[in-house]
Amino acid sequence: MAIDTLYQEIQTEIAKYPDRRSAILAALRLAQTKYRWLSPEAFEEVARCIDLPVAQCQAVASFYDMYFLAPVGRHVVEVCTNVSCCLVGAPDVVAAFERELGCALGETSTDGAVTLRAVECLGGCGWAPVVSVDHRYLEHFQPGDAAQVVADLRAAPAEEH
Amino acid sequence: MQGPTYAAPRPDAILLDFEGERQDIAVYETAGGYAMARSQAGRPFEEIVQELKDSGLRGRGGAGFPTGLKVSFIGKGSRYLVVNADESEPGTFKDRELMLRNPHALVEGCVILCNAIGAGAAYIYIRGEYATEALVLDAAVAQARQRGYVGATLPGAPGAVEVYVHRGAGAYICGEETALLSSLNGERGQPTAKPPFPAVSGAWASPTLLNNVETVATVPFILAMGCKTYSELRTEQTTGTRLMSLSGNVARPGNYELPVTATFGDLIDGCGGGVPAGRSLKCFIPGGSSAPILMPDQLDVQIAVETCAAAGTMAGSGAVIVIDDRTCMVQLALRVADFYRHESCGKCTPCREGTRWMVELLKKVESGQAQRAEIDLLLELCDRMEGKCLCPLGDACAMPVRSYLQHFRAEFDAHVEQGGCPGGAASPFGALYPELKRSLPLVPA
Amino acid sequence: MSTTATNVVTVTFDGRDVQVPAGTPLVVAAAQVGVEIPVFCYEPRLGPPIGACRMCLVEVELGGRPMPKLQAACTMTAADGMVVKSAATSEQAKEGQDAVLEFLLLNHPLDCPVCDKGGECPLQDLTFRYGPATSRMTLAKRTYEKPLPISPSIVLDRERCILCYRCTRFSSDVAEDGELIARERGAQSVIATFEERPYVGAFSGNVTELCPVGALLPTPYRFKARPWEIVNVPTVCQGCPTGCNTWATVREGRAERILSRLNPAVDEGWLCDRGRFARHEPLADRLTRPLLRGADGLQEISFAAAARTIAQRLRHVDSLHGAGSVAIVTGGSLTNEEASAWGRIAADVHARTASGPVAAAGAWERLDPFAARIDDLDRADVVVVVGDADVTDRAGVLDLRIRAARRRGAHLMIVSSGGTLLERDCDTFRPVAAGTAAASLQALVADPGPLVGATHPVLIVTDPIDLGHVAAAAHALGLQERGGVLPLPTGPNERGARQAGLAGGGDEVLAAIESGAVRALVLLGVDPTADWPEADRWQAALAQTEHVVTLSPFVNTSVSWSHVVLPQAVDLEREGTTTNLEGRRQRLRAAVKPPSGVADLAVATAIATHLGIEIARTAPQESEPPPRAKPGRATKAPAIRAANVTAGRFALVAPRGLFTGPAVERTAALAHQRAPWVMLNHGDAAALGLSEHDRVTVRHGGGEHTGPLRTSRRLLEGTVRINWAGSPVAGEAEVVRA
Ligand SMILES: Cc1cc2nc3c(=O)[nH]c(=O)nc-3n(C[C@H](O)[C@H](O)[C@H](O)COP(=O)(O)O)c2cc1C
Ligand code: SF4
Ligand code: FES
């Protein structure tokens, strides 16, 4: 029988807590790393691994912003549009990405390479504007930087988020 | 400039005033790190509580609650330490830099506090977006484990201490302590009614000490320099230094560690170099986006808890956002309110419905379609939300909007009179609309 | 902990003093002095208050100092010297109340005239009483697709929902099925199920009673009645031996709805979906007239003729063939009064009797020294559940009481082959081979685990095993001195029937029929070819019996083998008493008339009269469970037969579930609850190359069962579990991909 790595990884997380339920965020994250988004099947797998009702996994996942409940591109570009970033030009960064990707916020480029999202404060306000690419921060981001980032992402294989 | 050594720390610069980073435990130990973890491991609970009380340390998470008092409240039974590393209040980024550059200060603080309260484990709840920081902390914990600070019993300590890094998944409300605990328990991150307070029933229904990253990381330094030295640097009710996150329309944004006696002017003009040339200061947010704004004539307000309160605002998370004259306050209000609407957990009625209504009203005002009476309605809505919600998030939405209305009512009226934004394209948020309107308003039309 | 005088505190509400135990929620304390504080989310049966709706905001002064903010009177508890002002006397509280009501109505569709909740709706009442809550919202209300069936029995209207979280708390904190959830966050939050799949949970219907608005409604009751046209009749559910108290909502002679009727000792105000939704319908299917087999098959006759015929035949057989030539058998669907009439008849015609499939599993008297009551679970520190059947399979709401005990801190131990609903969150799970409940009890005596040192342990046995095993274990575990046992009968009033003189088991009667000793068989509301094990043998037995008399609401296999048939009344048509699993006698009231127009008791009395027995009419009496008997000598446990499973086959676990039987099969609203499934151990499934949801067929002694696969890491390897609705089967089975 093939080793069920997701199951094993989730058990490692469960071991950190007095109650297995606490591992739910980690379990969902690990499943998302494996499948890129949380499909109904992914939820069911998580539910079996952590032995909780599948609806509970979805109830939890849908509360948080970082779980994808619909398919996403191979990469995810998130632009902070909160106050500090906007004050120093985040709207122009958004516009630059929309141009480069040919898609609007909340959408995925037609080649499936990149999903573009606007997000709330990422905690990088001192180095604004901040863009997070597959959960790595790019700071002092200028609209002119978008082209290179998009080109790199189009060329790069899928990242584990 | 070489940072202070721990043997003789300066009370005015302890957390970040060194070059580079101290992710490597050897570097941290060379600087005197973990000495307190070792020497304080066997110290009785009461002594440490007294030391913290005498230091005057107040929580750095936002509420400014006296830390020693909080530690003294901890209930009996198996206990936990939970560190609030959710840092999500817009404008705040101090805990992040602290964890990146000085992670062992936090780990050492955890070990000390766990041993003091007899907790077997500390859980650092770090916001999900801080993926890099979580890895840095994981590595720091692993190093501390190798050196026997974590996972082993230090001489004199009541037991071994485990430190776990628990990653969140994107929800501002999880910074609120009871919501954080719900989330840690694997639930939707919704706040719960207090009492019971975490000190009595927190993580896994056990007595739990919950503190902010900066608060915990400060503990080793206080013990090293002694509460007396630490508390010498003080205003009437606040002591020590604070990490201030400076951002917005300012020449040199970043984190600055300032004594609590410093003024916002010291920070914005002194450290930050003031607003960029050619512009002028319109107002500033003193303690995260939920804090009521202060006006240019209030630059001499000290950054301490009680001085901010006296000025009608709050020290909050120490996040100062500088706003220059181009900014449309209606757009700012909409942007801020929409953040809180997006982050409202949906549990209690006034916050869930009030934030949504507030955003809808502000959209109407911003686009010039509102009646004048609806601006008054905005103020009434603030009344109807403030003080009625389960947790302070509803207040956090109402307070800033109310302060914008108080100071800049004319701008709101102008939108109604001119049928749109008078500042228009010049405002930094201008370009966000209509984009933001298209993508962010998740409220069905 | 006892409430001593020092724990009593004085609180003042709108100028009125009240003394309550410290820690009493303010809403409760206020009600004691007639101060009404409106609530939506507060419902103490759902666990600690959550303070979500904020409807109950009040002004509070403590120690002479006003608290800075309004406080939620549901989460704030009484402390000495507290002065509380409700909206009646406080401007500030009134402002809070108005604000919350306005917020709640912002998105509410205000479609009361077409809402089934209208007239019974707390939101409507509060708006009416505390208005004017004029809305100043000039913007579009939230709209959703509606109504959304969240199962065949429940519809959800998200526009009406006020997000009080009562329903989701019930699902996660009371039923613990976790199926009904809040999805999304903030103003976008909605009540939902996973992927909008049906809410499958034995207790789902309770959410329709908990919902304080018309957001969750029982589908069968939609647009059926308005509150002023209905009468609510108090009665007792006959779906299982728990005996939950109910209200039957009657309109124009039809029972349109069943509601819970709180009895803290029994049901804590909950019902299971069988009790709530199962109906013996359609009426057209019901037997309404007695039938007599003649040359042309079964022909209608009068009740009088039927009674006379039955009496004559029983008397005839008894006098011709002697004692034991008549057998009178029931399954627990009689009232105590009916059972007692039949018990008298049985004695008169020297009949063999049975009230359940297994004689020894009904020998309750052996357990008298150890008998526990349902509310012993409230005091239990350890609860041990032994048996492959899930508690819900046999006694719906008892499952909720066990869960409540665990939440209160009792240690829950499950001894079974696994895959039951209860073991997911238990404290100790002891996996044992399928069908070994009796042996497991012996093993429990040898290794009592958490029972060591327990002061009030309750032992529950779900499988219908020889109660001699239970008695022996109870004795050895010392349960005569602490806690007690609660075995689960197979029929709703099996205990009452046995006490009324119809003791014995189907196993003994079957053997007697096969031996030729029985010439006349009376089946009272039981179809042994469907309800009891050995269906084939029963069918042959019926075929060989000279006289078969059957009492049944519907045509079934036994009816087709009968010579005389009597129509039986069902739950809501019966008057009398019933005895639940703990021995409590409760009153049944006829909410509607039986379609035959004649009460079953009248027919039994008529038969008795023909036999010369006088059945006195007595008013039905309710009573508490009887007190415990004095402990006797230790009972010796009967011998245990070990079963072996052939290599390559699976041990079969097929307990007859809650959602089986004629009424359930006829209820469309329960279709989703009885959808077949197959459960295998995770590893076994992988070894067979099967994955979750694959369609799998299980072939066993009773036939074939096909359904989607569920895998479990707790179900014992080598075991297959199915929700088989046919006659009870055990033994081994073959598992193949369908
Ligand atoms: C809506 C809301 C968000 C909060 N977010 C944070 C946060 O991100 N980080 C933090 O440390 N405290 C946050 N707090 C404050 C915490 O509830 C809590 O007071 C603090 O973590 C306690 O630690 P301290 O005593 O060390 O300050 C927040 C509070 C509220 C009401
Ligand atoms: S559906 Fe009813 S019970 Fe559930 S949250 Fe909405 S209003 Fe409350
Ligand atoms: S009843 Fe108190 S908040 Fe809902």
Side-chain angles (χ1 to χ4, degrees), chain B residues 170-173 178 182 187-196 201 205 340-361 363-364 369-371 373-374 376-377 380-395 441-445, chain C residues 23 25 40-41 48-55 57 59 67-72 74-77 79 92-93 95-108 135-144 162-165 168 172-173 181-191 409:
Chain B
Y172 161 74
I173 189 59
T178 60
S182 300
E187 311 280 341
R188 288 158 65 84
Q190 291 185 321
T192 55
K194 291 185 278 193
S201 176
Y340 292 102
R341 178 201 59 77
H342 178 70
E343 302 296 345
S344 169
C345 84
K347 184 168 178 175
C348 79
T349 312
C351 172
R352 178 184 68 239
E353 304 299 336
T355 52
R356 172 178 183 268
W357 195 3
M358 174 92 68
V359 167
E360 294 292 341
L361 275 175
K363 272 201 235 168
K364 236 175 138 183
Q369 290 159 25
Q371 311 285 313
E374 284 175 303
D376 294 322
L377 184 53
E380 251 182 86
L381 190 50
C382 292
D383 289 340
R384 296 206 144 190
M385 290 165 72
E386 269 183 70
K388 301 186 179 60
C389 302
L390 176 61
C391 90
L393 190 137
D395 297 354
L442 301 158
V443 186
Chain C
F40 283 115
C41 65
I50 60 168
C53 73
R54 316 306 284 173
M55 195 60 222
L57 293 175
E59 215 185 304
M67 298 184 77
K69 289 199 238 173
L70 293 174
Q71 297 294 322
C74 63
T75 52
M76 173 65 62
T77 55
Q92 221 195 328
E95 196 222 330
Q97 195 169 294
D98 286 351
V100 173
L101 214 44
E102 180 177 32
F103 284 134
L104 285 176
L105 293 174
L106 278 185
N107 288 296
H108 195 82
S135 180
R136 296 170 292 178
M137 168 102 157
T138 51
L139 309 147
K141 291 185 186 249
R142 265 192 305 254
T143 55
Y144 294 108
I162 58 167
L163 287 167
C164 67
Y165 301 100
T168 54
S172 61
D173 302 349
I181 54 169
R183 210 174 52 203
E184 309 303 329
R185 190 170 75 195
Q188 278 99 271
S189 306
V190 288
I191 301 302

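From a predicted model like this one, the values you see are computed outputs, not experimental measurements.
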Inset, instruction - Please report the C-alpha distance between B/Thr355 and B/Met385 in whole Å, then the side-chain angles of each, then the deciding distance to 0.1 Å, and finally whether the side chain to side chain contact (heavy atoms under 4.5 Å, CB included) criterion is met. - result: CA-CA 8 Å; B/Thr355 52; B/Met385 290 165 72; 3.8 Å; yes
Practice item. Go through the atoms of C/Glu184 and report whether side chain, backbone, both or neither lie under 4.5 Å from a heavy atom of chain B. Key: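 Only the backbone of C/Glu184 comes within 4.5 Å of chain B.
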Portion of [X] that has a non-hydrogen atom of chain C nearer than 4.5 angstrom:
{"X": "B/Ala373", "value": "neither"}
{"X": "B/Gln371", "value": "neither"}
{"X": "B/Glu386", "value": "neither"}
{"X": "B/Cys351", "value": "neither"}

Q. Taking B/Ala193, B/Cys345, B/Ala171 one by one, which has the highest count of heavy-atom pairs under 4.5 Å against chain C?
A.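 When all of B/Ala193, B/Cys345, B/Ala171 are compared, B/Cys345 has the most.
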Quiz item: Taking the side chain from B/Glu343 and the backbone from B/Tyr172, do they hold a donor-acceptor pair closer than 3.5 Å?
Solution: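 Indeed, once roles are kept as given, a pair shorter than 3.5 Å links the two residues.
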Quiz item: Which heavy-atom pair separates C/Gln188 from B/Arg341 by the least distance, and what is that distance?
Solution: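 Looking at all heavy atoms of both residues, the closest pair is OE1-NH1, 3.5 Å.
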In sequence, state the C-alpha distance, the side-chain angles, and the governing distance for B/Ile173 and B/Gln190, and then conclude on side chain to side chain contact (heavy atoms under 4.5 Å, CB included). CA-CA 7 Å; B/Ile173 189 59; B/Gln190 291 185 321; over 6 Å; no
With chain B as the partner, which of C/Pro68, C/Ala182, C/Ser189 has the greatest number of non-hydrogen pairs under 4.5 Å?
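Going by pairs under 4.5 Å, I would pick C/Ala182.
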Would you say that C/Phe40 contacts C/Val100 through its side chain, given a criterion of any heavy-atom pair below 4.5 Å between the two side chains?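 They are not in side-chain contact.
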Side chains of C/Ser172 and C/Tyr165: does their closest heavy-atom pair fall under 4.5 Å?
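They are not in contact (no side-chain heavy atoms under 4.5 Å apart), so the answer is no.
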